[in-house]
Amino acid sequence: MARVELEKVAKVYPGGVRAVDSIDLSIADREFIVLVGPSGCGKSTTLRMVAGLEEISEGTIRIGDRVVNNIPPKDRDIAMVFQNYALYPHMSVYKNMAFGLKLRGFPKAEIDKRVREAAKILDITHLLDRKPKALSGGQRQRVAVGRAIVREPAAFLFDEPLSNLDAKLRVTTRAEIKRLHQRLKTTTIYVTHDQEEAMTLGDRIVVMKDGVIQQADSSLKTYQHPANRFVAGFIGMPPMNFFDGMIKQEGGRLFFEEGVLEDATVVQQRHDEPQVKQGRLTLPGNGFKLIVPDHLTDALGRHVGRHVVLGIRPEHFHLQPIPGVGPATTVQMVVNVIEPLGNDMDLYLSTPHHPHVISRVEAQSGVSPGTQISLYVDLPKVHFFEPGVTGMNLSLSHEPSHAVA
Ligand SMILES: Nc1ncnc2c1ncn2[C@@H]1O[C@H](COP(=O)(O)OP(=O)(O)O)[C@@H](O)[C@H]1O
Ligand SMILES: [Mg+2]
């Protein structure tokens with residue numbers, strides 16, 4: 001077992017793509033950490049550098065107390081499971097799991113002990129004599145994990161190991177991987193583009209964008225206190241709603257007034273990243289107004305008259321008043337589409353300036369498309385951001401802005 005440390009690690013591919021941009025990350029012994037982000041953000045590259053499958057352009061990687069920059073993959077004491085777990089088709093499950101140990105010259109009895117133990121943990125003992133083609137996708141994936149376990153490595157690296165499984169199997173296999181970690185406690189780095197998988201698995205999740213770490217915190221902290229607009233929009237499903245507007249002071253109170261972006265352009269983003277518009281903010285006067293919650297008046301007092309972005313998660317709109325949340329907390333919206341989900345329903349709504357708002361509320365009758373409704377906002381849970389794709393979360397910073405020395 002071991003801690004894994006990345007210090008100012010960067011990867012520049014031939015041709016100049018800076019896939020990983022000077023990241024610092026310290027993974028504790030026994031920790032389960034998930035690297036998550038849209039495709040192309042540098043997750044696999046990071047993992048492959050830890051594995052030794054990709055050369056490091058800058059920085060230092062340590063596994064345990066050893067700098068491994070120049071140590072070949074086979075000597076790094078780590079085991080990796082990929083999306084495309086290539087099992088040897090002509091070998092039984094037993095032999096597939098034993099193969100790596102045999103290559104390393106382990107005694108037969110030790111190999112047998114480890115294979116049987118791993119098979120027991122993964123509940124595949126009854127499959128040991130089968131060939132891979134006689135297994136389901138989920139069973140094959142377990143054999144691939146078994147092959148990693150028998151090595152008893154200092155760390156496990158997983159690169160999107162569930163991507164080839166169907167939705168249902170993904171959820172159950174995900175739970176198995178978590179249980180496996182609770183049992184073995186091996187330091188694990190797990191890569192996925194799926195924010196839900198990241199949230200459910202990791203002790204900590206590391207959100208990446210364009211080769212840069214945006215935030216590294218527990219699931220709950222990342223969800224409740226996203227560091228910036230990108231993290232806020234990427235973590236949580238359906239995604240957070242963002243409203244451009246301005247902070248105003250009226251009668252000694254701070255308000256947010258919804259505005260509109262003139263000459264707005266969509267900032268070019270990858271298809272699986274939240275789309276962000278940029279432009280000059282104007283206030284036509286018919287946007288909604290929302291009072292700034294008390295705990296944020298200090299932080300936002302410095303932004304009076306400035307463009308900010310209000311973030312409200314779909315689940316923080318309600319059809320009924322919220323006990324303990326004061327007046328002026330409703331927003332009028334037009335219901336466009338209703339999607340029943342059983343216990344909940346998703347409402348697709350629009351405000352005067354925002355045609356695509358989503359709220360997730362408890363299912364109830366009496367809401368119909370084409371009508372206007374008042375939604376109550378759970379004010380203590382809203383966020384304000386600086387404009388821009390990675391605009392800082394102003395709700396987190398209560399200190400004055402950094403003085404220039
Ligand atoms: N072998 C390579 N040569 C050049 N560019 C690469 C190579 N591998 C990945 N890249 C680029 O590096 C960036 C990060 O890729 P990758 O680490 O695979 O992202 P992720 O796993 O997050 O989807 C992407 O822009 C990708 O196109
Ligand atoms: Mg990848």
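Every number for a ligand or one of its atoms is a count from 1 in the order of the listing. Heavy atoms only: backbone and side chains are in, while hydrogens, waters and symmetry mates are out. Predicted model only: the values in this text are computed from it and were never measured.
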N/O to N/O below 3.5 Å, does that happen between [X] and ligand 1?
{"X": "P14", "result": "no"}
{"X": "K43", "result": "yes"}
{"X": "V17", "result": "no"}

In ligand 1, which numbered atoms sit nearer than 4.0 Å to a non-hydrogen atom of S39? 23 (O)
Using a strict cut-off of 4.0 Å, indicate which atoms of ligand 1 neighbour a heavy atom of A19. 12 (O), 13 (C), 14 (C)
For residues M199 and I205, determine if any side-chain heavy atom of one lies less than 4.5 Å from a side-chain heavy atom of the other. yes
Side-chain heavy atoms of H303 within contact of L394, under 4.5 Å: yes
Return the closest protein heavy atom for [atom] as residue, atom name and distance.
{"atom": "atom 24 (C) of ligand 1", "answer": "G40 O, 3.7 Å"}
{"atom": "atom 15 (O) of ligand 1", "answer": "T45 OG1, 3.8 Å"}
{"atom": "atom 10 (N) of ligand 1", "answer": "Y13 CE1, 3.3 Å"}
{"atom": "atom 18 (O) of ligand 1", "answer": "S44 CB, 3.8 Å"}

Give a yes or no on whether a salt bridge exists between D112 and R116, defined as a side-chain N under 4.0 angstrom from a carboxylate O. yes
Name every donor-acceptor pair, under 3.5 Å, that has one atom in a side chain of residues 143-151 and the other anywhere in the protein, sequence neighbours excluded.
{"residue": "R147", "atom": "NH1", "partner": "A86", "partner atom": "O", "Å": "3.0"}
{"residue": "R147", "atom": "NH2", "partner": "A86", "partner atom": "O", "Å": "3.3"}
{"residue": "R151", "atom": "NH2", "partner": "I78", "partner atom": "O", "Å": "2.7"}

For Q372, look at atom CD and say whether over 12 heavy atoms of other residues, nucleotides or ligands are found less than 6.0 Å away. yes
Decide if atom CD of E362 counts as having more than 12 heavy atoms of other residues, nucleotides or ligands within a radius under 6.0 Å. no
For ligand 1, is G37 a contact, meaning one of its heavy atoms is under 4.0 Å away? no
I need the protein N, O or S atoms closer than 2.8 Å to the Mg ion (ligand 2), given as residue plus atom name. S44 OG
Under the rule for side chain to side chain contact (heavy atoms under 4.5 Å, CB included), what residues qualify as partners of D194, not counting sequence neighbours? T192, E196, E197
For [X] and [Y], take the angle between the two ring planes, folded into 0 to 90°, and tell me which bin it lands in: parallel under 30, tilted 30 to 60, perpendicular over 60.
{"X": "H225", "Y": "H383", "result": "perpendicular"}
{"X": "F243", "Y": "F317", "result": "perpendicular"}
{"X": "Y88", "Y": "F99", "result": "perpendicular"}

Can you check whether a protein heavy atom sits less than 4.0 angstrom from atom 26 (C) of ligand 1? no
Looking at residues at least two apart in the chain, or sitting in another chain, which of them share a ring pair (Phe, Tyr, Trp, His ring centres under 6.0 Å) with H181? F32
